[in-house]
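This one's a predicted model, so the numbers in the text were calculated from it and none came from an experiment. Convention: sequence-line order gives letters A, B, ...; per-chain numbering from 1.
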Amino acid sequence: QKEVEQNSGPLSVPEGAIASLNCTYSDRVSQSFFWYRQYSGKSPELIMSIYSNGDKEDGRFTAQLNKASQYVSLLIRDSQPSDSATYLCAVIRAGGTSYGKLTFGQGTILTVHP
Amino acid sequence: SAVISQKPSRDICQRGTSLTIQCQVDSQVTMMFWYRQQPGQSLTLIATANQGSEATYESGFVIDKFPISRPNLTFSTLTVSNMSPEDSSIYLCSVEDSLAPRGSTDTQYFGPGTRLTVL
């Protein structure tokens, strides 16, 4: 089992729709969760961080965390063609030798079509 | 967030040679990280570089192949030694945001990356 798993997609949604991106992780002691966006040929750009169960909203983006289910998701409302990118889920375990170590999922390719 | 630059942005190298990649940050940061992103793949952590101590390498990565320097709190280098075509990747440095709000100090930001092609 991979430490962080995402549906590789591609996920295609029409402009204006809600895009839902999902991520599961295997290590229960994971404490910090991140969503990065990566455009082709560019480096990852942080979109959201979430640390506690529940929802966290920032503009059109909402991150949801459920530690009991080991599940984190990203919702993009009113999707725009400019949202077309690869979305990377990343996780940090708690403390010890894993401090600061980001473990990434394989990424989900999102395409928003006009 | 910190502004991170990397040099070179890309390079094409011959098999058996070495390339040193520089990462410069506009503010002092405690922790710097080096990642590799192979073609079509996600990111994999190579090592953590802390100033004043040896880098900590992840499983599958060794110091002889990827020596790292961290001479001060704003700069680090990663060398890819004795390169082979399998080393063709994007190499990225990242830093923790030391100015982030409490509870989010493990947020990492990435440099623009170095695209390496080995022939």
S.K.: A:V4, A:F33: one ILVMFWY side-chain cluster at the under-4.5 Å cut-off?
M.R.: yes
S.K.: Using the rule that Ile, Leu, Val, Met, Phe, Trp and Tyr join whenever any side-chain heavy atoms are under 4.5 Å apart, tell me whether B:I21 and B:F110 fall into a single cluster.
M.R.: no
S.K.: Less than 4.5 Å apart, any side-chain heavy atom of B:Q108 and any of A:Y36?
M.R.: yes
S.K.: Of the backbone (N, CA, C, O) and the side chain (C-beta and beyond), which part of B:L43 lies under 4.5 Å from a heavy atom of chain A, both, or neither?
M.R.: both
S.K.: With only heavy atoms counted, which part of A:Q38 is less than 4.5 Å from chain B, the side chain, the backbone, both or neither?
M.R.: side chain
S.K.: Taking B:G113's backbone N and O only, do any of them form a donor-acceptor pair with A:S43's side chain (distance below 3.5 Å, no angle check)?
M.R.: no
S.K.: May I ask you to test the A:L46-B:T107 pair for a side-chain heavy-atom distance under 4.5 Å?
M.R.: yes
S.K.: Same cluster or not: are B:L45 and A:I92 linked, directly or through other Ile, Leu, Val, Met, Phe, Trp or Tyr residues, by side-chain heavy atoms under 4.5 angstrom apart?
M.R.: yes
S.K.: Are A:I109 and A:L11 connected in the hydrophobic side-chain network, where two residues link if heavy atoms are under 4.5 Å apart?
M.R.: no
S.K.: Rounded to the nearest 0.5 Å, what separation is found between the CG atom of A:L102 and the CD atom of B:E96?
M.R.: 8.5 Å
S.K.: Name the member of B:S42, B:P112, B:S94 that forms the most heavy-atom pairs with chain A at distances under 4.5 Å.
M.R.: B:S42
S.K.: According to a hydrophobic-cluster definition based on side-chain heavy atoms being under 4.5 Å apart (Ile, Leu, Val, Met, Phe, Trp, Tyr only), do A:Y87 and A:Y25 belong together?
M.R.: yes
S.K.: Counting only heavy atoms not in A:E57, do more than 12 fall under 6.0 Å of its CD?
M.R.: yes
